[in-house]
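One structure is given here, and the rest of the page talks about it.
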Amino acid sequence: MEATVSTTDPSPAVKQVSIQLKQVSSTPGLGVQLLTAGTAACIADLFTFPLDTVKVRQQVQGEGGASALQGRGVVGTLSYIAKHEGPRALYSGIVPGLQRQMAFSAIRIGAYESVKNKYMEMSGVTGGFQMLGVRIAAGVTTGTLAILVAQPTDVVKIRMQAAGNTKQYKGVFDAYVTIKQTEGLKNGLYRGMMPNIARNCIVNVGETVVYDAAKDGFISGGYMKDGIGCHFASAVVAGVTATLVASPVDVVKTRFMNSPRGKYRGAIHCAMQTASKEGWKAFYKGFNASCLRLVSWNIVLWLSYEQIKIAVKEQYKSKA
């Protein structure tokens, strides 16, 4: 925006003055949106990480580890880990977990609105059943991009959660280095990337897309106003949906990432071995912990995200 101050005085001593005024955007940019989503996801992880640790321990049952946890429920597993390994074991892997959220959730949630709007512009879709297709396409796109960036943090998080206080790794940096040196990138830090992409695309559709659609349905249907109550209800729907649709591929992803090199030929082989040895119920191991964790995580995530988003928008409006 340019403002020009001029004068009618012909004297050469009086010059035309041109003042450049910087125009301030009234809406946050993509970088701020990514940071907002990543921050909200980290807050959610801090509150619910012990449940995620319980889920991982239960999912690797039957693989030669965590046999002492066999048959225990969510509370029993929490108590057992806290008693025998100490409360800190429940937060084993929290650092790569937070790193993962700042990379993964920042992209899959923070970029979702921008990608959805771009797809709406490209397709010309503004509503109706076709809008669901646009939402799903945006969810799959951001979910895939997020995993390509955050995959190593996911592997390290799962390994440290499964290891607990066994001193397998000296710390987060040692875990990254050890896995890279002993297993490499493809078979180590990027092991299980395809099932992880599949799992997180499903989760992203189940969480982000379902939350977006549920919230829109509650508001447009006149059931709720846009506020904390609506955000809470939409988050519960998203969490339950994500757990139901993603649990089988989540179990395969966790087992494949945690397995020693050479145990499985690939994700499909891991799934086949799990089914043949333990039956289809194995794909829902840790379901209660996973559901409790995802529902709790979604509630904290979306309530935090919406409130941070409102605060950021107000800040930008005040500067405009």
Side-chain angles (χ1 to χ4, degrees), residues 41 43-94 97 100-101 105 154 157-164 192 195-196 198-200 202-208 210-211 214 232-258 270-271 274-275 277-303:
I43 293 171
D45 243 26
L46 286 170
F47 275 94
T48 63
F49 202 80
L51 290 172
D52 193 46
T53 299
V54 169
K55 179 204 73 171
V56 169
R57 295 292 188 93
Q58 290 183 342
Q59 286 179 337
V60 297
Q61 286 176 15
E63 292 223 298
S67 57
L69 301 177
Q70 194 73 36
R72 296 177 185 268
V74 176
V75 177
T77 304
L78 271 170
S79 301
Y80 184 89
I81 295 171
K83 181 180 178 181
H84 291 83
E85 301 177 39
R88 289 184 63 181
L90 293 170
Y91 277 89
S92 182
I94 184 63
R100 175 182 181 272
Q101 295 301 348
S105 290
D154 212 7
K157 178 185 82 76
I158 285 175
R159 295 288 184 90
M160 291 186 72
Q161 283 179 306
N196 205 14
R199 182 257 182 192
N200 283 293
I202 293 170
V203 168
N204 206 31
V205 170
E207 287 182 350
T208 310
V210 170
Y211 175 83
F232 182 91
S234 302
V236 171
V237 173
V240 173
T241 304
T243 309
L244 286 171
V245 298
S247 190
V249 71
D250 190 30
V251 170
V252 172
K253 180 211 77 168
T254 299
R255 289 189 169 203
F256 189 51
M257 283 184 175
N258 190 55
C270 176
T274 301
K277 291 180 179 179
E278 302 172 58
W280 66 271
K281 286 185 178 180
F283 293 108
Y284 282 90
K285 277 190 173 181
F287 179 82
N288 290 338
S290 185
C291 189
L292 185 59
R293 187 256 174 184
L294 269 180
V295 171
S296 303
W297 193 88
N298 272 273
I299 290 170
V300 179
L301 166 75
W302 293 114
L303 290 182

- Worked check of side chain to side chain contact (heavy atoms under 4.5 Å, CB included) between Leu244 and Phe287: CA-CA 8 Å; Leu244 286 171; Phe287 179 82; 3.8 Å; yes

- Item | With Arg100 via salt bridge (Lys or Arg N to Asp or Glu O under 4.0 Å) - residues at least two apart | Asp154

- Query: Between Ala282 and Val251, what is the shortest heavy-atom contact and its length?
  - Reply: O-CG1, 3.6 Å

- Assess whether atom CZ of Phe47 is packed by more than 12 heavy atoms of other residues, nucleotides or ligands within 6.0 Å. no

- Would Val252 and Thr274 satisfy side chain to side chain contact (heavy atoms under 4.5 Å, CB included), going step by step from the backbone distance to the final call? CA-CA 8 Å; Val252 172; Thr274 301; 5.5 Å; no

- Which atom of Ala238 lies closest to which atom of Asn298, heavy atoms considered: CB-OD1, 4.0 Å

- From Ile81 CD1 over to Arg57 CZ, what is the distance, rounded to the nearest 0.5 angstrom? 4.5 Å

- Would Ser105 and Gln101 count as having a side-chain donor-acceptor pair, cut-off 3.5 Å? yes

- Message: For a quick test of reading the model, state the closest non-hydrogen atom pair linking Met160 to Gly93 and the distance between them.
- Response: CB-CA, 3.8 Å

- Message: My understanding is that only one of Val237, Val240, Leu51 makes a side chain to side chain contact (heavy atoms under 4.5 Å, CB included) with Val295; could you say which?
- Response: Val240

- Task: Begin with the C-alpha distance, continue with both residues' side-chain angles, and end with the deciding distance and a verdict on side chain to side chain contact (heavy atoms under 4.5 Å, CB included) for Leu90 and Leu78.
- Result: CA-CA 8 Å; Leu90 293 170; Leu78 271 170; 3.6 Å; yes

- Heavy-atom closest pair (Thr53 atom, Ser92 atom, distance to 0.1 Å) is OG1-O, 4.4 Å

- Item | Shortest non-hydrogen separation from Ala235 to Tyr211 and the atoms involved | N-CD1, 3.7 Å

- Note on the structure: In this structure, CD1 of Ile43 is separated from CG of Leu303 (nearest 0.5 Å) by 11.0 Å

- Query: For Phe232 and Ile299, what are the C-alpha separation, side-chain angles and deciding distance, and is it a side chain to side chain contact (heavy atoms under 4.5 Å, CB included)?
  - Reply: CA-CA 6 Å; Phe232 182 91; Ile299 290 170; 3.7 Å; yes

- Hey, what do you get for OG1 (Thr241) to CD (Glu207), rounding to the nearest 0.5 Å? 10.0 Å

- Task: Look only at the side chain of Asn204 and the backbone of Asn200, and say whether a donor-acceptor pair between them is shorter than 3.5 Å.
- Result: no

- Is the backbone of Phe283 close enough, under 3.5 Å, to the side chain of Ser247 for a donor and an acceptor to pair up by distance? yes

- For the residue pair Val249 and Ala198, what are the closest heavy atoms and their distance? CG2-CB, 4.3 Å

- Asp45/Lys157 ion pair, N-O < 4.0 Å: no

- Message: With a 3.5 Å distance limit and no angle check, can you tell me whether Tyr80 reaches the backbone of Glu85 through a side-chain donor-acceptor pair?
- Response: no

- Message: Once rounded to the nearest 0.5 Å, what's the spacing between atom CH2 of Trp302 and atom CH2 of Trp297?
- Response: 8.0 Å

- Item | Exam field: side chain Ser296 to backbone Thr48, donor-acceptor pair closer than 3.5 Å | no

